[in-house]
Every structure is written in structure tokens, then in C-alpha cells.
Protein chains: 2
Amino acid sequence: MLKIGEFSRLSHLTVKALRFYEKEGILLPASTDKWTGYRLYETAQLEAAASVKAYRQLGLSIEEIRAIQAGADVRQILTEKAKALTEEKRVIDSRLSIIHHMLEDREMRYQVTEKTIPEMIVYSSETVLAQHMDIMRWIPSIGEECLRLNPGMKCADPPYEFCEFLDGEYRETDVKIRHSEAVTAAGKGSDQIRFRRLPAVKVLSVFHKGSYDRIGEAYAFLMRYAEQNGFHAAGPARECYIDGIWNKESEEDWLTEIQLPIDWR
Amino acid sequence: MLKIGEFSRLSHLTVKALRFYEKEGILLPASTDKWTGYRLYETAQLEAAASVKAYRQLGLSIEEIRAIQAGADVRQILTEKAKALTEEKRVIDSRLSIIHHMLEDREMRYQVTEKTIPEMIVYSSETVLAQHMDIMRWIPSIGEECLRLNPGMKCADPPYEFCEFLDGEYRETDVKIRHSEAVTAAGKGSDQIRFRRLPAVKVLSVFHKGSYDRIGEAYAFLMRYAEQNGFHAAGPARECYIDGIWNKESEEDWLTEIQLPIDWR
DNA sequence: CATAGGGCCTCCCCATGGAGGAGAGTCAAG
DNA sequence: CTTGACTCTCCTCCATGGGGAGGCCCTATG
């Protein structure tokens with residue numbers, strides 16, 4: 001009979017771990033001295049200890065080891081574990097890719113995050129603007145028209161409103177543009193305005209701070225980021241207006257989010 | 001000014017997370033209502049929130065994000081993180097390899113664990129035995145001789161004693177064998193017996209239960225395991241005797257550990 | 001025989017990054 | 001005024017032990 005310290009040295013498990021494994025019921029001492037409370041192990045238990053240790057080294061949880069000892073299908077548990085490990089690895093690869101991308105970027109002005117935009121109902125309208133700068137005059141006019149068509153219409157909370165640029169390429173003039181705004185329920189459309197259900201989508205997002213004249217850099221960054229890290233665009237980017245001329249005096253305080261829909265998986 | 005729920009929906013961070021980030025000092029609300037205690041955020045803080053979110057998605061700890069905000073070198077932290085992730089990936093690959101190896105094995109009789117055997121002093125002696133079975137007569141005789149040469153010599157605690165089979169191949173007769181036993185201090189050697197310092201070594205270990213006639217299977221398993229999972233043997237395997245004829249009546253209770261030294265890294 | 005030191009016992013706190021919930025105050029709409 | 005939706009703080013929980021306090025047990029040594 002071995003005291004816990006001796007068994008610890010033979011099994012290469014710490015005393016703390018041995019006591020913990022007893023509490024969890026996956027490695028019980030052969031006996032316990034009723035007077036002193038000392039745990040007593042036998043050399044034959046080294047095999048069981050090695051088994052527990054082997055499973056722990058594979059990353060199995062105490063719960064899983066307990067299940068195996070209770071007669072669960074080892075193969076199935078190992079197969080599931082392999083699947084989980086493969087998924088973990090995929091996450092790590094993705095993070096490594098992103099970190100390397102960030103390290104290559106000199107200024108690190110932009111930070112990309114991944115979000116899920118839930119399903120929603122929007123009204124949309126398209127037009128061609130002579131100049132990019134005309135957006136901020138055009139948007140309010142659509143809102144007014146929509147409200148005239150649908151009195152009592154309510155915008156979603158939180159508000160969500162964005163523009164997509166439908167030209168394949170970037171252009172300064174004659175910009176084809178679509179504006180959408182989320183609402184609580186569908187309403188009546190018109191020549192100009194169409195209601196539709198926008199499905200949930202996963203997006204990559206960056207925030208652009210400052211006036212719009214350098215927003216092209218944010219787009220360029222986001223596109224390069226997606227390409228280099230294995231994301232695949234699932235539609236045109238959305239430009240969401242958060243702070244702007246309507247609530248901030250200084251152009252420096254303007255804040256715009258660019259969301260690039262990516263494949264749901 | 002936005003209440004926490006509104007900011008939560010805009011930033012895609014949970015209310016719980018926002019409160020937690022305030023407590024940790026990495027994302028403070030713009031102000032707090034002194035009367036009600038309500039946290040109040042501004043839209044401009046969405047950028048900071050996105051930054052925190054981006055770093056969390058990369059797996060940076062709160063501590064690391066705090067360091068970055070305090071002006072630490074982002075590049076250095078990201079580089080370290082990349083190193084840590086690469087290491088994690090290496091571990092996962094190793095585990096996956098082992099799991100696949102286990103799934104291929106039909107019976108799963110053996111479990112391999114990895115241990116580190118510390119540096120120690122042993123006395124060793126070599127011989128050629130006519131039959132494998134003679135081991136258990138030979139070993140005690142060396143022990144006696146060594147004790148005669150070095151009265152007062154003490155074996156290490158925990159005891160550690162093993163045989164290595166020095167023939168390149170497996171053989172039944174004329175077995176070249178080396179026996180070693182750990183002691184507390186070097187002593188006087190002889191023609192037969194030599195003291196030496198055994199360096200620390202990492203080993204793969206399996207336990208074999210039962211009589212010695214099927215121990216070859218354990219060796220075969222261990223060797224195949226090492227080969228298939230990318231370990232490289234760093235010396236002959238060690239056969240450690242734990243339970244045997246000297247303390248267990250029944251052959252079924254005999255317990256032997258086989259340790260295969262592997263490259264330290 | 002007395003004491004010292006090492007081993008062992010139980011019990012409690014700690015880490016990560018929030019999630020979940022209790023109990024109570026706040027706010028806006030009907 | 002009531003109701004329901006938010007918000008506040010404070011507590012516990014997850015997994016796997018590590019670290020340490022306070023106290024008992026055993027053995028060796030002076």
C-alpha cells in the first residue's frame with residue numbers, strides 16, 4: 001500500500017490531481033485509513049492512473065473520462081473529440097491569418113470584426129447620383145416619401161440604414177446607389193420604393209472615422225482583409241451612417257461603418 | 001446618449017460584456033447618471049467597442065487589451081500571440097494524430113502517456129542471458145553484489161529499476177541485456193557494475209498487465225505509436241518491473257511498464 | 001522521552017470571461 | 001396608477017486543479 005505522495009511520484013500525477021480525481025470519482029484510492037484519513041493506493045492502480053493521464057493528455061474532460069469508465073463508447077467520444085479539435089484548429093488558423101494580416105499592415109488604422117446581422121424588413125430605393133456628395137440630400141427625401149406612403153411607419157430599433165454602391169467598380173460621378181432602412185413591418189411600395197425581407201447575414205465590419213473623402217481607404221482595407229483571410233464576399237458592401245453632418249459639427253467626429261456580407265459558411 | 005441596451009444592440013456586445021469591460025477598465029461609458037447609476041454611451045464609442053471586440057475575436061486576454069490601450073507595442077503582443085497560437089496548434093495536431101492512431105487500433109488494450117523522467121544516478125550492469133526468463137534470477141544477484149561493494153548504499157525513492165534489451169532485434173535466446181537501478185549517490189563500481197548519471201529524459205509509457213509471454217505486443221504497440229505520431233526514439237526502451245513474482249501470486253496481476261525515451265523536443 | 005520536520009488531512013480562495021438570476025430601483029406608455 | 005421593459009448591484013457557476021492555512025500523524029534523532 002502506497003501513501004499518496006509515493007503514488008504521486010510513481011504515477012507522475014500531482015497530489016492535488018489525485019485528490020481531485022478521487023473527488024470526481026475517476027480514480028479512487030484502493031482504501032482509506034479510517035483513523036487518519038490517509039489515502040492508500042496499490043501499485044496495480046498505476047495502470048488506471050496512466051489511463052486517466054492518457055485521456056487528460058488528449059484533452060478529454062473529467063466528465064468524458066467518467067463516461068468512458070461507466071462503459072460509454074470510447075470510439076464515439078474520441079471521434080467527437082477529434083471533430084472538436086479540428087474545429088479548434090480551424091479557429092486558430094483563422095486567427096493566425098488575421099494576425100499576420102495585421103502585422104503586415106503598417107499603420108493599423110482599421111480593426112475588422114465579425115458580426116451577425118439578424119433578419120429584418122427594409123424599404124429600399126435605387127437611383128443614380130451625379131455626385132457622391134449628393135447622398136446626404138437624397139436620403140432624407142426617400143424617408144419623407146416613404147412616410148407619406150405609409151403614415152405611422154416605424155423604423156427598427158436599433159436603427160439600421162445603409163447604402164450599397166452597385167457599380168462594379170469605384171466611380172466618382174454617375175454613381176448607382178441603393179439605400180435601405182430597416183423598419184418594424186412591411187408597408188406599401190411605389191415606383192421608387194420597395195419593401196423586402198433581408199435575410200440574416202454574417203458581415204465583416206470596419207469603422208471609418210472622419211470625413212468621407214478618405215473612406216475609399218477603409219473599403220480597400222476591408223476588401224484586402226477579406227481576400228487575404230479566406231472570406232468570400234456574399235454581396236456588395238453596406239455603408240452605414242452613424243455620426244455625420246446631422247449630429248456632429250466637426251468632420252473629424254463623423255463615424256461610418258462599412259459592412260461586407262460574407263458567406264454564411 | 002445611449003443606454004446600455006441600445007449600445008449593446010449597436011455594438012453587438014452583450015450587456016453583460018459591456019458591464020464587465022467597464023469593470024476591467026477597457027471600455028468605459030461616456031458618463032454615468034449620478035442618480036440612477038445608468039451607464040450612458042455615445043455613438044462615437046462604437047469604434048472603441050469594435051476595437052475591443054476585434055481583439056477579443058483574436059483571442060487576446062483582457063489584460064493584453066488593457067496593455068495595448070495603455071500604449072504597449074501592439075506588434076509585439078500580436079507576435080507573441082501568434083507564437084502561442086502556433087504552439088496551441090502543434091498540440092492539437094499531436095492530439096489529433098494520437099486519436100486517429102487510437103481509432104485505428106481495434107482492441108485499444110494499451111494507453112500511451114508522456115512523462116518526464118528526472119535526472120538520476122544509477123548503477124548498471126550488462127550480461128547475456130541464455131533465456132529471457134533468467135532475468136528474475138539475475139537481477140537480485142547484481143543487487144547483492146552492489147550492496148557488498150557499497151555497504152549503506154540506498155535506492156532512490158521512489159524506486160526506479162529497469163532493463164534495456166541491447167540487441168537490435170528481438171530474440172528469445174542469448175539476450176544481451178542491461179539492468180539499471182536508481183540510487184541516492186554514486187558508489188564504487190567493479191568489472192560488472194558501473195555507476196553513471198542518467199540525464200533527464202522524456203518518455204512514452206505503456207503498462208503491460210499479465211505475464212511476460214505477451215509483452216512483445218506492448219513493445220510492438222509502443223513502437224508503432226511512436227512512429228505514427230511523429231515521435232523519434234532516443235534510445236532503447238526501458239522495461240520497469242512494478243508487480244511480479246516477488247509480490248503477486250497470480251500472473252494476471254503482474255504489472256510492467258515500458259518506457260520509450262523520445263527526443264527531448 | 002521530547003521534539004523537529006516532513007507528510008497528510010480538510011477547507012478555502014484564485015484564475016478566465018463572462019452567463020444566469022435574484023431583488024430592487026427607473027422609466028415611459030396606456 | 002399600473003404595467004412591463006430596462007437597469008442597477010451582487011451572488012453564484014463553469015473546469016481543472018494550484019497555492020496556502022491550520023491542524024493531525026508518523027518517524028527519526030538527540
Side-chain angles (χ1 to χ4, degrees), chain A residues 1-41 49 52-67 81 84-85 88 91 95 113 152 154 156-158 184, chain B residues 1-41 49 52-67 81 84-85 88 91 95 152 154 157-158 184:
Chain A
M1 301 296 266
L2 304 163
K3 284 192 287 185
I4 198 168
E6 297 161 335
F7 191 72
S8 158
R9 286 189 291 274
L10 289 171
S11 64
H12 292 245
L13 292 168
T14 66
V15 171
K16 282 287 188 186
L18 287 171
R19 291 203 267 248
F20 182 68
Y21 293 159
E22 180 191 7
K23 186 160 71 80
E24 295 296 320
I26 59 174
L27 185 57
L28 303 175
S31 67
T32 303
D33 187 306
K34 213 167 33 169
W35 295 51
T36 66
Y38 280 24
R39 292 167 180 80
L40 295 171
Y41 295 84
V52 169
K53 196 177 180 202
Y55 286 132
R56 289 293 300 134
Q57 285 182 351
L58 286 182
L60 295 202
S61 68
I62 304 297
E63 184 63 37
E64 287 165 326
I65 295 174
R66 201 184 291 125
K81 194 72 198 172
L85 285 173
E88 257 184 74
V91 170
R95 288 179 177 179
T113 61
K154 284 207 185 61
D157 180 50
T184 57
Chain B
M1 300 297 265
L2 304 162
K3 285 193 287 185
I4 198 169
E6 297 161 335
F7 192 71
S8 158
R9 286 189 291 274
L10 289 170
S11 65
H12 292 245
L13 292 168
T14 66
V15 171
K16 285 287 187 187
L18 287 171
R19 290 203 268 249
F20 181 68
Y21 293 158
E22 181 191 5
K23 185 161 71 79
E24 295 296 322
I26 59 175
L27 184 58
L28 303 174
S31 67
T32 304
D33 186 308
K34 210 167 37 173
W35 295 51
T36 66
Y38 280 24
R39 292 167 180 80
L40 296 171
Y41 296 84
V52 169
K53 196 178 180 200
Y55 286 132
R56 288 295 298 135
Q57 285 182 351
L58 286 181
L60 296 203
S61 68
I62 305 297
E63 184 62 38
E64 286 164 326
I65 295 174
R66 201 184 291 123
K81 194 72 197 172
L85 285 173
E88 257 184 74
V91 171
R95 288 179 177 180
K154 285 208 184 61
D157 180 51
T184 56

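Below, chains carry the letters A, B, ... as their sequence lines are ordered, and counting in each starts from 1.
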>> Can you give me the first and the last nucleotide of DNA chain C (5' to 3') that has an atom within less than 4.0 angstrom of a non-hydrogen atom in chain A?
In response: dG7(C) to dT10(C)
> side-chain contact (heavy atoms from CB on, under 4.5 Å) with Ala84(A): which residues, sequence neighbours excluded?
Replying inline: none
> How would you list, by chain and number, every residue that makes a side-chain contact (heavy atoms from CB on, under 4.5 Å) with Ala49(A), sequence neighbours excluded?
Replying inline: Phe7(A), Ser11(A), Leu13(A), Leu27(A)
> Mind checking what makes salt bridge (Lys or Arg N to Asp or Glu O under 4.0 Å) contact with Arg9(B), not counting sequence neighbours?
Replying inline: Asp157(A)
Residues that [X] engages under side chain to side chain donor-acceptor pair (under 3.5 Å), provided they are two or more places apart:
| X | answer |
| --- | --- |
| Arg95(A) | none |
| Tyr41(A) | none |
| Arg39(B) | Glu22(B) |
| Glu64(A) | Ser61(A) |

> How many angstroms lie between atom CG of Leu40(A) and atom CD of Glu6(A), to the nearest 0.5 angstrom?
Replying inline: 9.5 Å
> Looking at Leu58(B) and Lys81(B), what are the two nearest heavy atoms and their distance?
Replying inline: O-CE, 4.2 Å
> How far apart are the closest heavy atoms of Leu10(B) and Pro158(A), and which atoms are they?
Replying inline: CD2-CB, 3.8 Å
> To 10°, what angle do the rotation axes through the five end pairs on each side of the helix from dC1(C)-dG30(D) to dG30(C)-dC1(D) form?
Replying inline: 40°
> Does anything in residues 23-38 of chain A pair up under side chain to side chain donor-acceptor pair (under 3.5 Å), and if so which pairs, sequence neighbours excluded?
Replying inline: Glu24(A)-Arg66(A)
> Any side-chain heavy-atom pair from Ile62(A) and Phe20(A) closer than 4.5 angstrom?
Replying inline: yes
> Could you run down nucleotides 11-25 of chain D 5' to 3' and tag each one B, S or - for protein heavy-atom contact under 4.0 Å?
Replying inline: -----BBSBB----B
> Taking for each residue the nucleotide of DNA chain C with the nearest heavy atom, is it Asp33(B) or Gly37(A) whose nucleotide lies nearer the 5' end?
Replying inline: Gly37(A)
> Among residues 3-13 of chain B, which residues get a heavy atom nearer than 4.0 Å to DNA chain D?
Replying inline: Lys3(B), Ile4(B), Gly5(B)
